[in-house]
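Working notes, structure below.
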Amino acid sequence: IAGITQAPTSQILAAGRRMTLRCTQDMRHNAMYWYRQDLGLGLRLIHYSNTAGTTGKGEVPDGYSVSRANTDDFPLTLASAVPSQTSVYFCASSDSSGSQDTQYFGPGTRLTVL
Amino acid sequence: AQRVTQPEKLLSVFKGAPVELKCNYSYSGSPELFWYVQYSRQRLQLLLRHISRESIKGFTADLNKGETSFHLKKPFAQEEDSAMYYCAPKRGNNRLAFGKGNQVVVIP
């Protein structure tokens with residue numbers, strides 16, 4: 001069982017380019033999340049999905065979009081990357097329908113936008 | 001505004017000394033509270049949750065509703081405790097709100 005995986009591990013991107021960060025989980029969790037981690041700011045929620053077919057905006061959604069076509073995948077897209085989107089991105093999932101709604105995190109994607 | 005505060009960005013302690021990470025929250029109602037930890041080169045993971053009232057790796061955290069605090073404590077720090085720690089209340093919409101984190105460095 002892989003748990004939750006992210007790709008790529010790291011990426012350097014020119015400003016203005018489009019980029020999709022991939023996230024896949026095999027735990028059949030209904031809820032999935034995208035966070036960005038920045039020094040001094042902690043983790044901030046970008047977008048989330050409570051179940052396949054639905055998505056919602058988090059604290060810092062501008063410049064990002066997500067889709068949830070199925071239970072396992074939750075890609076995050078930067079339509080036109082800007083340097084302020086340089087960050088470490090973490091995907092997470094949880095079984096929020098139960099009492100044990102621990103969030104399980106992926107290994108992260110380090111993105112640098114030049 | 002609803003928020004969670006972890007006042008100390010960096011905490012350095014000697015091995016064997018007590019460590020306390022402060023967390024104050026301002027969410028209304030009775031939120032569930034969690035501490036997550038990120039060790040070097042590892043994924044962020046759950047350390048403990050207040051409803052479990054358990055000790056994990058020697059850490060405990062007591063919810064004080066009067067002070068709206070959920071401080072994390074360990075009586076004797078170990079080198080392997082060096083990590084980034086995040087306090088995270090669960091909000092009414094079932095999502096976590098992470099604090100800015102505490103970097104703990106345990107000095108041998």
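All chains are named by letter (A, B, ...) in the order of the sequence lines, taking the proteins before the strands, and each is independently numbered beginning at 1.
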Side-chain donor or acceptor of Gln6(B) paired with backbone N/O of Tyr85(B) under 3.5 Å: yes
Stepwise side chain to side chain donor-acceptor pair (under 3.5 Å) check, Asp72(A) with Thr24(A): CA-CA 5 Å; Asp72(A) 299 345; Thr24(A) 299; over 6 Å; no
Contacting region of Leu43(A) [heavy-atom separation from chain B under 4.5 Å]: both
Closest-packed option against chain A by number of heavy-atom pairs under 4.5 Å, given Arg43(B), Gln42(B), Lys100(B): Arg43(B)
Portion of Leu39(A) that has a non-hydrogen atom of chain B nearer than 4.5 angstrom: neither
Portion of Gln103(B) that has a non-hydrogen atom of chain A nearer than 4.5 angstrom: neither
Mutual orientation of the aromatic rings belonging to Tyr35(A) and Phe105(A) [parallel < 30°, tilted 30-60°, perpendicular > 60°]: tilted
Any donor-acceptor pair under 3.5 Å from Ser93(A) side chain to Met32(A) backbone: no
Between Pro107(A), Ala92(A), Gly108(A), the one whose heavy-atom pairs under 4.5 Å with chain B are most numerous: Pro107(A)
Pair Thr20(A)-Thr77(A), side chain to side chain donor-acceptor pair (under 3.5 Å): steps then yes or no: CA-CA 4 Å; Thr20(A) 295; Thr77(A) 297; 3.0 Å; yes
